[in-house]
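Below is one structure. I have some questions about it.
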Number of protein chains: 2
Amino acid sequence: MTSPDTGETGSLLLDDQLCFGLYSASRAVTALYRALLEPLDLTYPQYLVMLALWQQDEQQVKELGAALSLDSGTLSPLLKRLEKAGLIKRERQSDDERSVRIRLTEEGTALRTKAERIPPHVGAAMNLDKAELGRMRAVMDELTASVNAYRESYRPS
Amino acid sequence: MTSPDTGETGSLLLDDQLCFGLYSASRAVTALYRALLEPLDLTYPQYLVMLALWQQDEQQVKELGAALSLDSGTLSPLLKRLEKAGLIKRERQSDDERSVRIRLTEEGTALRTKAERIPPHVGAAMNLDKAELGRMRAVMDELTASVNAYRESYRPS
DNA sequence: CACAACTTAGTTGTGCACAACTAGATGACA
DNA sequence: TGTCATCTAGTTGTGCACAACTAAGTTGTG
């Protein structure tokens with residue numbers, strides 16, 4: 001797993017690369033979310049944080065980071081913007097002054113109703129049947145795990 | 001195609017969403033490229049531009065933008081950095097002073113040799129058999145097209 | 001207890017992605 | 001021919017992603 005298959009051709013053609021397809025698809029989906037989220041005044045990463053909080057309120061920055069694979073360098077300013085927008089509160093925990101607990105405001109909780117109209121649009125836009133959608137999700141998860149494992153074991157040759 | 005399937009549940013659970021899987025996979029792949037490209041002193045988007053130029057040298061900014069779906073707001077500073085690194089030259093075309101032609105330097109052409117060692121690593125890291133890889137690429141392309149079409153026809157409801 | 005190691009958020013700096021805009025060149029056509 | 005629309009690249013400003021670092025709190029160990 002740590003040694004590349006040098007028997008493969010390894011084409012440098014742009015269109016041959018799954019990675020470019022992945023990159024393009026990801027940007028296309030983000031662009032769709034940009035349009036869908038515009039009435040909610042959220043960016044896609046902000047929406048992801050809200051999803052995590054709607055699923056479970058009162059999470060530490062660290063927990064949100066683990067859920068989304070984002071570090072404090074990304075989350076800290078993003079959470080400040082969400083707080084400024086009145087959707088969350090950030091408060092130091094008294095039992096451990098290092099950690100900050102993120103809590104939804106009433107407004108933040110209420111936004112969920114509007115957000116519920118979004119997934120159907122995304123589902124329709126992706127134009128995949130249920131079976132393929134499930135398979136894709138599985139492949140994406142495996143791909144992420146596999147690629148991360150490879151990267152972590154990679155040493156410049 | 002322009003109307004969402006409201007019969008679907010539209011779960012707001014983070015892990016249910018293919019989009020999040022896509023976003024995660026794309027970031028994982030980019031992180032792998034970051035490690036692989038570090039010896040070449042290229043970022044992933046810079047590498048994509050180089051791929052496009054290795055495939056066909058002497059392209060206008062506009063053509064590169066079409067190939068990668070990037071606008072001049074992204075490309076202009078990126079190309080300046082590639083020029084500063086000595087990999088490309090940017091020159092106004094004499095027959096149409098609006099457009100800028102991007103040309104590989106000798107150094108830029110030579111870098112291709114080093115770059116050829118990268119795709120095998122990526123292929124190994126993705127851990128997909130040839131058939132599945134081809135299928136994924138096809139699904140990604142369809143997904144991108146479908147999502148972009150939906151977005152372009154979308155009007156805030 | 002002292003203090004070193006570790007943990008949690010936050011800050012700074014770089015580069016990408018994109019919207020909105022500008023400058024200058026070109027083309028269309030009344 | 002004038003001038004108006006269009007085209008091409010670039011600029012500015014915002015936000016994300018990440019590396020590298022800092023500050024402050026907590027834990028472990030002699």
Side-chain angles (χ1 to χ4, degrees), chain A residues 20 23-35 37-38 40-50 59-66 68-85 88-102 148 151, chain B residues 20 23-35 37-38 40-50 59-66 68-85 88 90-102 144 148 151:
Chain A
F20 180 62
Y23 165 79
S24 300
S26 179
R27 282 203 299 139
V29 167
T30 303
L32 173 61
Y33 273 105
R34 193 172 301 119
L37 289 170
E38 200 249 20
L40 313 203
D41 268 307
L42 288 177
T43 66
Y44 182 56
Q46 288 167 8
Y47 171 72
L48 291 178
V49 168
M50 295 303 288
Q59 294 193 58
Q60 296 175 7
V61 174
K62 175 194 170 176
E63 293 171 314
L64 289 172
L68 306 176
S69 308
L70 291 172
D71 66 7
S72 67
T74 300
L75 282 176
S76 287
L78 187 157
L79 292 169
K80 274 193 188 176
R81 284 187 281 271
L82 287 181
E83 183 173 47
K84 205 164 107 184
I88 62 168
K89 282 288 178 197
R90 296 154 68 242
E91 43 204 24
R92 289 273 164 194
Q93 278 178 258
S94 52
D95 59 330
D96 185 343
E97 286 283 337
R98 286 174 302 183
S99 71
V100 168
R101 180 160 296 260
I102 307 298
N148 280 335
R151 179 176 52 79
Chain B
F20 180 61
Y23 164 79
S24 300
S26 179
R27 283 203 297 139
V29 168
T30 303
L32 173 61
Y33 272 105
R34 192 173 302 119
L37 289 170
E38 200 251 20
L40 313 203
D41 269 307
L42 288 178
T43 65
Y44 182 57
Q46 288 166 10
Y47 171 72
L48 291 178
V49 168
M50 294 303 288
Q59 294 194 57
Q60 296 175 6
V61 174
K62 175 194 169 173
E63 294 171 313
L64 289 173
L68 307 177
S69 308
L70 290 173
D71 66 7
S72 66
T74 299
L75 282 176
S76 286
L78 187 157
L79 291 170
K80 274 192 187 176
R81 283 187 281 270
L82 286 181
E83 184 174 46
K84 205 164 105 183
I88 63 168
R90 297 154 67 242
E91 42 204 25
R92 290 272 164 195
Q93 277 179 259
S94 50
D95 59 330
D96 185 344
E97 287 283 338
R98 286 172 301 183
S99 70
V100 168
R101 180 161 298 260
I102 307 298
T144 302
N148 280 335
R151 180 176 52 78

Next on the checklist: C:dT11, OP1 or OP2 - any side-chain N/O from A:Lys80 closer than 4.0 Å?
Outcome noted: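 For C:dT11, OP1 or OP2 has a side-chain N or O of A:Lys80 closer than 4.0 Å.
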Checklist entry - Distance check: side-chain N/O of A:Tyr44 vs OP1/OP2 of D:dG15, anything under 4.0 Å? => result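 False: A:Tyr44 side-chain N/O out of range (4.0 Å or more) of D:dG15 OP1/OP2.
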Checklist entry - What orientation do A:Tyr23 and B:Tyr44 show, parallel under 30°, tilted 30 to 60°, or perpendicular over 60°? => result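 Geometry flag for B:Tyr44 against A:Tyr23: perpendicular rings.
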Checklist entry - Which residues satisfy the side chain to side chain donor-acceptor pair (under 3.5 Å) test with A:Glu83, sequence neighbours excluded? => result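 Testing A:Glu83 for side chain to side chain donor-acceptor pair (under 3.5 Å), a comparison that skips the adjacent residues, returns A:Arg90.
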Checklist entry - Nearest nucleotide by nearest heavy atom, which residue falls closer to the 5' end of DNA chain C, B:Pro45 or A:Glu63? => result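 Checking each residue's closest nucleotide, the 5'-ward one belongs to A:Glu63.
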Checklist entry - Is it the case that more than 12 heavy atoms not belonging to A:Glu97 sit under 6.0 Å from its CD atom? => result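 Enclosed: over 12 neighbouring heavy atoms sit under 6.0 Å from CD of A:Glu97.
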Checklist entry - How close or far is atom P of C:dA19 from atom CD of A:Glu38, stated in whole angstroms? => result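 Spelled out: CD on A:Glu38 to P on C:dA19 is 11 Å.
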Item to check | Length of the CD1-P vector between B:Ile102 and D:dT8, whole Å | outcome: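 Checked: the CD1 to P distance equals 14 Å.
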Checklist entry - Hey, does B:Thr74 reach any base, or is it just sugar-phosphate, or nothing, if we go heavy atoms under 4.0 Å? => result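 Contact class for B:Thr74: base.
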Next on the checklist: Taking the nucleotide of DNA chain D with the nearest heavy atom to each, does A:Pro77 or B:Val61 sit closer to the 5' end?
Outcome noted: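 Mapping each residue to its closest nucleotide by heavy atoms, the 5'-most match is B:Val61.
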Checklist entry - Rounded to the Å, how far apart are B:Leu70 CG and D:dG10 P? => result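 Taking atom P of D:dG10 as the reference, CG of B:Leu70 is at 14 Å.
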Checklist entry - Taking atom C1' of C:dC18 as reference, at what distance in whole Å does atom CD of A:Gln46 sit? => result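 Between C1' of C:dC18 and CD of A:Gln46: 15 Å.
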Next on the checklist: Counting only Watson-Crick pairs (N1-N3 plus N6-O4 or O6-N4) and G-U wobbles (N1-O2, O6-N3), all under 3.5 Å, who is the partner of D:dG30?
Outcome noted: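 Check on D:dG30: paired to C:dC1, both distances under 3.5 Å.
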Checklist entry - Just to confirm, is there a sub-4.0 Å distance from OP1 or OP2 of C:dA9 to any side-chain nitrogen or oxygen of A:Gln60? => result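 True: A:Gln60 side-chain N/O within range (under 4.0 Å) of C:dA9 OP1/OP2.
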Checklist entry - A:Phe20 has an atom CZ; how far is it from atom P of C:dA17, in whole Å? => result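 After rounding, the reported distance stands at 10 Å.
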Item to check | Expected output: side-chain A:Arg34 to main-chain A:Thr43 donor-acceptor under 3.5 Å | outcome: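 No: the side chain of A:Arg34 does not pair with the backbone of A:Thr43.
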Checklist entry - DNA chain C: A:Ala28 or A:Leu79, which has the more 5' nearest nucleotide? => result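 Per heavy-atom nearest nucleotide, the more 5' residue is A:Leu79.
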Next on the checklist: Looking at B:Ser72 and D:dG10, is any side-chain donor or acceptor paired with a base atom of the opposite kind under 3.5 Å?
Outcome noted: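 Checked by distance alone, the answer is yes.
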Checklist entry - Looking at A:Ile102, A:Leu75, A:Leu42, A:Ile88, which one forms a side-chain contact (heavy atoms from CB on, under 4.5 Å) with A:Val49? => result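 Exactly one candidate clears the test, A:Leu75.
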Checklist entry - Reckon A:Arg90 touches a base, only the sugar-phosphate, or nothing at all at heavy-atom distances under 4.0 Å? => result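 Result for A:Arg90 = sugar-phosphate.
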Item to check | Side-chain (A:Asp71) to main-chain (A:Thr74) donor-acceptor, under 3.5 angstrom | outcome: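 Checked: pair present.
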Checklist entry - What is the nucleic acid contact for B:Ser99, judged by heavy atoms within less than 4.0 Å: base, sugar-phosphate only, or nothing? => result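 Sugar-phosphate: the residue B:Ser99, judged by heavy atoms under 4.0 Å, touches backbone atoms but no base.
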Checklist entry - Between D:dT22 atom P and A:Asp71 atom CG, what is the distance in whole Å? => result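 Going from A:Asp71 (CG) to D:dT22 (P), I get 17 Å.
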Item to check | Interatomic distance, B:Arg92 CZ vs D:dC7 P [rounded to whole Å] | outcome: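 So the two atoms are 17 Å apart, to the nearest Å.
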Checklist entry - Touch check for B:Leu75, heavy atoms < 4.0 angstrom, all strands: base, sugar-phosphate only, or nothing? => result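 Here B:Leu75 touches no strand at all.
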Item to check | Separation of atom CD in A:Glu91 from atom C1' in C:dT8, rounded to whole Å | outcome: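 Nearest whole value for this atom pair: 16 Å.
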Checklist entry - What nucleotide among C:dA9, D:dG15, D:dA19 has an atom nearest to a side-chain atom of A:Thr43? => result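 The closest nucleotide is D:dG15.
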Checklist entry - With sequence neighbours excluded, what pairs up with B:Ser76 under the side chain to side chain donor-acceptor pair (under 3.5 Å) test? => result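 Partners of B:Ser76 under the side chain to side chain donor-acceptor pair (under 3.5 Å) test: none.
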Under 3.5 Å, which protein N or O atoms sit close to an N or O of nucleotides 21-28 of chain C? Give each pair with its distance.
{"from": "C:dT26", "atom 1": "OP1", "to": "B:Glu97", "atom 2": "N", "distance (Å)": "3.2"}

Checklist entry - Should we count CD of B:Gln93 as having more than 12 external heavy atoms under 6.0 Å? => result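 Yes, the 6.0 Å shell around CD holds more than 12 heavy atoms from other groups.
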Checklist entry - Of all the choices, C:dG10, D:dT8, C:dT8, which nucleotide is nearest to the side chain of B:Lys62 once you look at every atom? => result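 Selected nucleotide: D:dT8.
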